[in-house]
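What follows is one structure encoded as structure tokens, with my remarks underneath.
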Amino acid sequence: MSKQLNNALAGTQIIDPATYTLTVDGLVDHPLTLTYAQLQAYPQVSQLMDLDCVEGWNFTAKWTGPMLSAIFADAGVKPDAKIVIFHTADVPEGYSSLDLNYINDNKIIIALKDNDLTLPADRGFPFQVVAMSKFGYKWSKWVTRIELSSDTSFLGYWEGNGYNNNADINGPAFSP
Ligand SMILES: Nc1nc2c(c(=O)[nH]1)N[C@H]1C(S)=C(S)[C@@H](COP(=O)(O)O)O[C@H]1N2
Ligand SMILES: [Mo]
């Protein structure tokens with residue numbers, strides 16, 4: 001089945017582009033507060049990538065936006081940072097996380113656009129994390145804060161409810 005579903009745990013989150021800011025903090029030298037215009041000002045990278053939901057559907061799109069490593073370079077990541085926690089409008093205490101090395105090694109982007117169109121609210125405006133080769137639940141939407149952390153035991157919303165924290169699309173969907 002190839003289609004794109006919303007799968008939002010608390011429904012579509014409405015974020016106002018005029019007042020939106022993205023906080024980048026935690027284990028960084030220079031915490032950032034980025035506006036939507038500042039996200040648009042980073043070099044925009046395009047990647048053709050599949051989103052695979054554990055419920056059995058997938059969706060291929062051209063995703064376009066800044067590389068997370070470019071934003072991290074501006075923030076100055078401290079050497080003890082190991083993971084990146086995505087705080088979202090629906091789960092402000094931390095919706096999901098990814099390893100810092102995975103993000104840098106795979107040039108992970110945050111997509112402001114999906115097939116050349118600005119992400120609408122139901123797709124995750126202002127952006128969706130393009131978590132290449134990870135299950136859809138790692139593709140955080142409605143992100144308001146990105147926290148660099150050393151807490152490798154952190155579990156996000158789905159991961160804390162039995163879904164695998166590695167979330168490799170070729171691996172098990174559930175934790176052992
Ligand atoms: N903040 C947040 N991000 C989220 C979710 C959510 O409930 N809240 N659902 C996830 C799940 S389970 C999937 S499959 C994808 C769906 O993304 P799509 O809208 O691009 O199809 O978003 C992911 N990102
Ligand atoms: Mo999903």
Side-chain angles (χ1 to χ4, degrees), residues 1-17 19-26 34 36 39 44-68 71 83-99 102-103 106-149 151 154-175:
M1 191 172 18
S2 183
K3 59 176 182 170
Q4 189 177 26
L5 300 178
N6 193 345
N7 280 40
L9 64 95
T12 294
Q13 306 293 303
I14 306 295
I15 290 181
D16 180 355
T19 56
Y20 173 77
T21 56
L22 172 66
T23 300
V24 182
D25 65 1
L34 300 171
Y36 187 66
L39 292 178
Q44 304 292 298
V45 176
S46 291
Q47 299 174 345
L48 191 68
M49 212 70 74
D50 278 347
L51 184 159
D52 288 85
C53 177
V54 287
E55 291 181 343
W57 55 270
N58 63 73
F59 177 77
T60 306
K62 175 188 172 192
W63 309 93
T64 304
M67 242 188 253
L68 277 172
I71 296 172
I83 70 157
V84 177
I85 301 174
F86 298 95
H87 300 260
T88 61
D90 51 351
V91 190
E93 61 274 23
Y95 166 75
S96 191
S97 65
L98 292 167
D99 286 350
Y102 158 84
I103 288 177
N106 294 289
K107 301 181 164 46
I108 298 302
I109 64 169
I110 54 173
L112 307 183
K113 292 186 173 184
D114 162 350
N115 288 334
D116 296 324
L117 297 174
T118 299
L119 252 68
D122 59 346
R123 288 279 82 77
F125 183 90
F127 63 81
Q128 181 168 33
V129 178
V130 180
M132 175 194 318
S133 67
K134 305 279 187 192
F135 284 124
Y137 57 85
K138 287 287 185 183
W139 293 51
S140 302
K141 312 202 280 193
W142 310 298
V143 178
T144 55
R145 177 183 170 212
I146 298 178
E147 180 191 4
L148 281 291
S149 168
D151 179 12
F154 174 85
L155 292 176
Y157 177 85
W158 296 111
E159 298 88 331
N161 282 287
Y163 285 90
N164 197 297
N165 194 32
N166 187 40
D168 190 318
I169 51 167
N170 298 310
F174 292 95
S175 309

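Both counts, for ligands and for their atoms, begin at 1 and track the order of listing.
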* Below 4.5 Å, heavy atoms only, C-beta onward: do Tyr95 and Leu9 meet side chain to side chain? -> yes
* To do: Please determine if Lys141 has a nitrogen or oxygen closer than 3.5 Å to a nitrogen or oxygen of ligand 1.
  => yes
* Asked: Can you name the nearest heavy-atom pair linking Ala121 to Ile14, along with the distance?
  -> CB-CD1, 3.8 Å
* Answer with yes or no whether Trp142 contacts ligand 1, where contact means a heavy atom under 4.0 Å from a ligand atom. => yes
* To do: Using a 4.0 Å heavy-atom threshold (strictly under), name the region of Val143 that reaches ligand 1: side chain, backbone, both or neither.
  => neither
* Show which atoms of ligand 1 fall inside a sub-4.0 Å distance from at least one heavy-atom site of Ala8. => 7 (O)
* Sub-3.5 Å N/O-N/O distance, Trp139 and ligand 1 -> yes
* Asked: Given side chains that start at C-beta, do those of Phe174 and Val54 come closer than 4.5 Å, heavy atoms only?
  -> no
* Asked: Between Asn166 and Lys138, do the side chains contain an N or O donor and an N or O acceptor separated by less than 3.5 Å?
  -> no
* Asked: Hey, which atoms in ligand 1 end up nearer than 4.0 Å to a heavy atom of Asp90?
  -> 1 (N), 2 (C), 6 (C), 7 (O), 8 (N)
* To do: Would you indicate which of Tyr95, Trp158, Tyr163 comes nearest to atom 10 (C) of ligand 1 when only heavy atoms are counted?
  => Tyr95
* side chain to side chain donor-acceptor pair (under 3.5 Å) with Thr21: which residues, sequence neighbours excluded? -> none
* With under 30° as parallel and over 60° as perpendicular, where do the rings of Trp63 and Phe59 fit, or are they tilted in between? -> perpendicular
* Check whether any heavy atom of Phe86 sits under 4.0 Å from an atom of ligand 1. => no
* To do: Look only at interatomic distance and state if Arg123 has a nitrogen or oxygen under 3.5 Å from any nitrogen or oxygen of ligand 1.
  => yes
* pair Asp151-Ile85: side-chain heavy atoms closer than 4.5 Å -> no
* Please could you name the atoms of ligand 1 that Thr88 approaches to less than 4.0 Å, counting only its heavy atoms? => 1 (N)
* Show which atoms of ligand 1 fall inside a sub-4.0 Å distance from at least one heavy-atom site of Cys53. => 14 (S)
* Asked: Do side-chain atoms of Ser175 reach the backbone of Tyr163 as a donor and acceptor pair under 3.5 angstrom?
  -> yes
* Any idea which atoms of ligand 1 are less than 4.0 Å away from a heavy-atom of Gln128? -> 15 (C), 17 (O), 18 (P), 20 (O), 22 (O)
